Amino acid sequence: MATIAFIGLGNMGGGMAMNLAKAGHAVRAFDLSPEALERARENGCATFDTVREAVQGVDAVVSMLPNGSIVENVYLNDVIGHAPASAILLDCSTIDVATARKVGEAAASAGYAMVDAPVSGGIAAANGGTLTFMVGGSDDAFARAEPILARMGKAVIHAGGAGAGQAAKICNNMLLGIHMIGTCEAFAMAQKLGLDPQTFYDISSVSSGQCWSMTSYCPVPGAGPSSPADNDYQPGFAAALMLKDLKLAMEAAETAGVKAEMGQRAREIYDAFVADGNAGVDFSGVIKTL
Ligand code: NAD
């Protein structure tokens, strides 16, 4: 079993660190929040006062942090040059592709293997160890990261070189934002045209309009499988997080010179929804604005 530093023990990281400890790894945890550290201790992790202390003597460093500038600061100031050069570095946060590549290059030039390994799946999947990881990095780095990620997820997929995990994540979530809005529009229109929502569900879920937003996460209460719509749109996946991912996607589209008109429109719709006081509402709640 390995000794693993875990940095960022929030909604997602808390459960992920717990699963590494449950699997028998020695987890050295750090977060800025005393409450998060307390929960980590209850879940079998040792806690430390700084990142630099947490990464002493470890075989691996895993991070689950809010954004790219925090990831860059933590790695460039406190991980690279402080963790043993033999340690594998795994950043599981959702951040922009450019920062993921920059941090990966800084790690590589200091002799570390690193992967970007963002996740699909929310807090329940983090706690249950059923996340999907999309991984960017060399074949060798992936081979070393895979057994660690497998303890926290049900699927670990190598997407390509450094930054490819983040690229896969934002392309996937741009598509998710677009088909959720499309699904909401279809249900809203079906109702206005006099169709019962469950009847429309029964038809469309076995027809060509079928998609994940409909059959796994139906935005209408009482239709389809149980979803946040049945729980007054408690997240689930909060609208603020969908907006974060759409902003990252639009930055990447601009950098790559891609015309992503539907993604741009989805970003505008979630921008307005969040600005209207719905940051903590599930992203399927956008149906209420249609
Ligand atoms: P969160 O805000 O609950 O947790 C982030 C944690 O990082 C907090 O505990 C915070 O105290 C800590 N932190 C901030 N700065 C730090 C620093 N400098 N050093 C150490 N700790 C620091 O966020 P979350 O929901 O756990 O999300 C984490 C990441 O996972 C984000 O990048 C998010 O986009 C991504 N993600 C979240 C979900 C979800 O459903 N919540 C799903 C997929 C991906």
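Nothing here was measured: the structure is a model prediction, and the numbers come from that model. Hydrogens, waters and symmetry mates play no part in the numbers below; they use all other heavy atoms, side chains included. Read the numbers this way: they start at 1 and go in the same order the structure lists the ligands and their atoms.
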**Asked** Under a 4.5 Å side-chain heavy-atom rule over Ile, Leu, Val, Met, Phe, Trp and Tyr, are Ile4 and Ile80 clustered together?
**Response** no

**Message:** Counting the benzene-type ring for Trp, do Phe187 and Phe200 have ring centres under 6.0 Å apart?
**Reply:** yes

One pair per line, please: each N/O atom of ligand 1 matched with every protein N/O atom under 3.5 Å away, atom names first, then the distance to 0.1 Å.
{"residue": "ligand 1", "atom": "3 (O)", "partner": "Asn11", "partner atom": "N", "Å": "2.9"}
{"residue": "ligand 1", "atom": "3 (O)", "partner": "Asn11", "partner atom": "ND2", "Å": "3.2"}
{"residue": "ligand 1", "atom": "9 (O)", "partner": "Asp31", "partner atom": "OD1", "Å": "3.3"}
{"residue": "ligand 1", "atom": "9 (O)", "partner": "Asp31", "partner atom": "OD2", "Å": "2.7"}
{"residue": "ligand 1", "atom": "11 (O)", "partner": "Asp31", "partner atom": "OD1", "Å": "2.6"}
{"residue": "ligand 1", "atom": "26 (O)", "partner": "Asn11", "partner atom": "N", "Å": "3.3"}
{"residue": "ligand 1", "atom": "26 (O)", "partner": "Met12", "partner atom": "N", "Å": "2.8"}
{"residue": "ligand 1", "atom": "32 (O)", "partner": "Leu65", "partner atom": "O", "Å": "2.8"}
{"residue": "ligand 1", "atom": "32 (O)", "partner": "Thr94", "partner atom": "N", "Å": "3.0"}
{"residue": "ligand 1", "atom": "32 (O)", "partner": "Lys244", "partner atom": "NZ", "Å": "2.9"}
{"residue": "ligand 1", "atom": "34 (O)", "partner": "Lys244", "partner atom": "NZ", "Å": "2.8"}

**Prompt:** Would you say Met250 and Val258 are hydrophobically clustered, going by side-chain heavy atoms of ILVMFWY under 4.5 Å?
**Reply:** no

**Asked** With sequence neighbours left out, what residues match His158 under side-chain contact (heavy atoms from CB on, under 4.5 Å)?
**Response** Asp139, Phe142

**Message:** For Phe283 and Tyr270, take the angle between the two ring planes, folded into 0 to 90°, and tell me which bin it lands in: parallel under 30, tilted 30 to 60, perpendicular over 60.
**Reply:** tilted

**Message:** Is it true that, when you exclude Lys102 itself, more than 12 heavy atoms of the residues, nucleotides or ligands shown sit nearer than 6.0 Å to its NZ?
**Reply:** no

